Structures are given as C-alpha cells and as structure tokens.
Amino acid sequence: MLDCIFCKIINKEIPSSIVYEDEKVIAFKDINPQAPIHLLIVPKKHIPSLLEIEEKDSYLLTEIIKIIKELAKANNIDDKGFRVVVNTGDEGGQTVHHLHFHLLGGRFMTWPPG
Ligand code: AMP
Ligand code: ZN
C-alpha cells in the first residue's frame, strides 16, 4: 500500500534490520526499542489492524505465533519470558496502520503497561 512504512520495508524501499522473512511474513528490529529485544512481526499482506483480520487470514496468525516462538528461542527469551503486544487504534497506541506484533523481552515487564 502506498505511503505505508511497513509496506515500504516489505518491498525493500526503505532499509530495516530483518531477522526473519518468508513469503507471507517478515520480522525486523524495532527502530525505537523499548526493551533489549524488541522485534516486529508483520504479515506482508497490508491488513490495517487487528480489527480487519478476516477468517481467511487465520492461517497468518498460526504462522506468526510459530515465528514468535522461534524468535523467542533464537533470542534466548523463551525460558525467561517475554511479551507480545498488538496495539490497536488510537487509544491502543497504534501508530503504524499495518498489522504488527511486538515481541519484547530481555528485561522484566511491568503491569499495567503505560
Ligand atoms: P505501534 O505504535 O504499535 O503502531 O508500533 C509501531 C512501531 O514501529 C513503533 O514501535 C516504532 O518504533 C516502529 N517503527 C516505525 N518506523 C520503523 C522503521 N522504519 N523501522 C523499524 N521500526 C519502525
Ligand atoms: Zn502496509
């Protein structure tokens, strides 16, 4: 989608630190990390938010969970614990309107989140 920063990363129009990629999903380091490990796992299909996930996209969620597990293991945070966040909408703190899953780890997380 034109003017979507994550579509531009997917199309390699702007650089990013890619840590995983297949035909359907890409994962890269967050440019403004909020934890020692802060990765973004992003479907290549432009889905604006969690609200627009359709039944036919459900295979993507299974795939993304699998990738999150692999990345948690690869970064040695599977045993220690980690957090997965999907900010949705303005009050949810979503700033990029292309569905993405934050994988945060490497420090203790607090609750409630800010
Ligand atoms: P959210 O606020 O949940 O929509 O998350 C968007 C995330 O994308 C933020 O954590 C940003 O730091 C991150 N971000 C924005 N632009 C880039 C970029 N060019 N490369 C990597 N991460 C980015
Ligand atoms: Zn997009």
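This chain uses plain numbering: 1 for the first residue, then up along the sequence. Note: hydrogens, waters and symmetry copies are ignored here, and every other heavy atom, side chains too, is used. Both ligands and their constituent atoms are indexed starting at 1 by order of listing. Model, not experiment: these values are computed from the prediction.
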Colleague: For the Zn ion (ligand 2), find the closest N/O/S atom belonging to H98 and write down its atom name.
Modeller: ND1

Colleague: Would you mind running through ligand 1 and noting each atom that sits below 4.0 Å from a heavy atom of L40?
Modeller: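 Those atoms are 8 (O), 13 (C), 22 (N).
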
Colleague: Between V86 and H102, is any pair of side-chain heavy atoms under 4.5 Å apart?
Modeller: no

Colleague: Regarding E54 and K45, does a basic nitrogen lie under 4.0 Å from an acidic carboxylate oxygen?
Modeller: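 Salt bridge: no.
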
Colleague: Which of the atoms of ligand 1 are close to K29, meaning less than 4.0 Å from one of its heavy atoms?
Modeller: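 Counting atoms of ligand 1 from 1, those under 4.0 Å from K29 are 21 (C).
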
Colleague: State, with a plain yes or no, whether a side-chain heavy atom of I67 is found less than 4.5 Å away from one of K24.
Modeller: no

Colleague: Please list, in number order, the atoms of ligand 1 under 4.0 Å from a heavy atom of H102.
Modeller: 1 (P), 3 (O), 5 (O), 7 (C), 10 (O)

Colleague: Do me a favour and list the nearest non-hydrogen protein atom to atom 14 (N) of ligand 1 with residue, atom name and distance?
Modeller: I31 CG2, 3.8 Å

Colleague: Which atom, counting only N, O or S, brings H46 closest to the Zn ion (ligand 2)?
Modeller: ND1

Colleague: Would you mind listing which atoms of ligand 1 come within a distance below 4.0 Å of any non-hydrogen atom of N32?
Modeller: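 Near N32, the atoms of ligand 1 are 12 (O).
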
Colleague: Find all atoms of ligand 1 within a distance of less than 4.0 Å from any non-hydrogen atom belonging to G93, and give their numbers and elements.
Modeller: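 Listed by number with element, the hits are 1 (P), 2 (O), 3 (O).
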
Colleague: Quick one: does H97 get a heavy atom under 4.0 Å from ligand 1?
Modeller: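 Contact check H97 vs ligand 1: negative.
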
Colleague: So, does E63 use its side chain to make a donor-acceptor pair with the main chain of P43 at under 3.5 Å?
Modeller: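 The answer is no, because no donor-acceptor pair under 3.5 Å joins these two groups.
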
Colleague: Are side-chain heavy atoms of L40 and F6 found at a separation under 4.5 Å?
Modeller: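 The answer is yes, as the side chains (C-beta and beyond) meet within the 4.5 Å cut-off.
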
Colleague: With a heavy-atom distance limit of 4.0 Å, tell me whether I9 approaches ligand 1 through its side chain, its backbone, both, or neither.
Modeller: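 The answer is the side chain.
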
Colleague: Under 3.5 Å between some N or O of ligand 1 and some N or O of H38?
Modeller: no

Colleague: For S49 and E52, does a side-chain donor sit closer than 3.5 Å to a side-chain acceptor?
Modeller: yes

Colleague: Measuring from the heavy atoms of Q34, does anything fall under 4.0 Å of ligand 1?
Modeller: no

Colleague: Which protein non-hydrogen atom lies closest to atom 2 (O) of ligand 1, naming both residue and atom, and how far is it?
Modeller: T95 OG1, 2.7 Å

Colleague: For T110, does its backbone N or O pair with a side-chain atom of R83 as donor and acceptor, under 3.5 Å?
Modeller: yes

Colleague: Just which atoms of ligand 1 are under 4.0 Å from any heavy atom in Q94?
Modeller: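 Ligand 1 atoms under the 4.0 Å threshold to Q94: 4 (O).
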
Colleague: Over 60° means perpendicular and under 30° means parallel, so tell me whether H98 and H46 are parallel, tilted or perpendicular.
Modeller: perpendicular

Colleague: With respect to atom 9 (C) of ligand 1, which of I5, V42, I14, D30 exhibits the smallest heavy-atom separation?
Modeller: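 Heavy atom nearest to atom 9 (C) of ligand 1 belongs to D30.
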
Colleague: Considering only non-hydrogen protein atoms, determine which one is nearest to atom 5 (O) of ligand 1 and report residue, atom name and distance to 0.1 Å.
Modeller: H100 NE2, 2.9 Å

Colleague: Geometry only, no angles: is S16 polar-contacting ligand 1 at N/O separations under 3.5 Å?
Modeller: no

Colleague: Are any non-hydrogen side-chain atoms of I47 and L60 less than 4.5 angstrom apart?
Modeller: yes

Colleague: Of the backbone atoms (N, CA, C, O) and the side-chain heavy atoms from C-beta on, which set of F6 has a member under 4.0 Å from an atom of ligand 1: side chain, backbone, both, or neither?
Modeller: side chain

Colleague: Is it true that a side-chain atom of K44 and a backbone atom of D22 form a donor plus acceptor pair closer than 3.5 Å?
Modeller: yes

Colleague: Is Q34 reaching over with its side chain to a backbone N or O of N32, donor-acceptor style, under 3.5 angstrom?
Modeller: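 Flag set: sc Q34 to bb N32 pair under 3.5 Å.
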
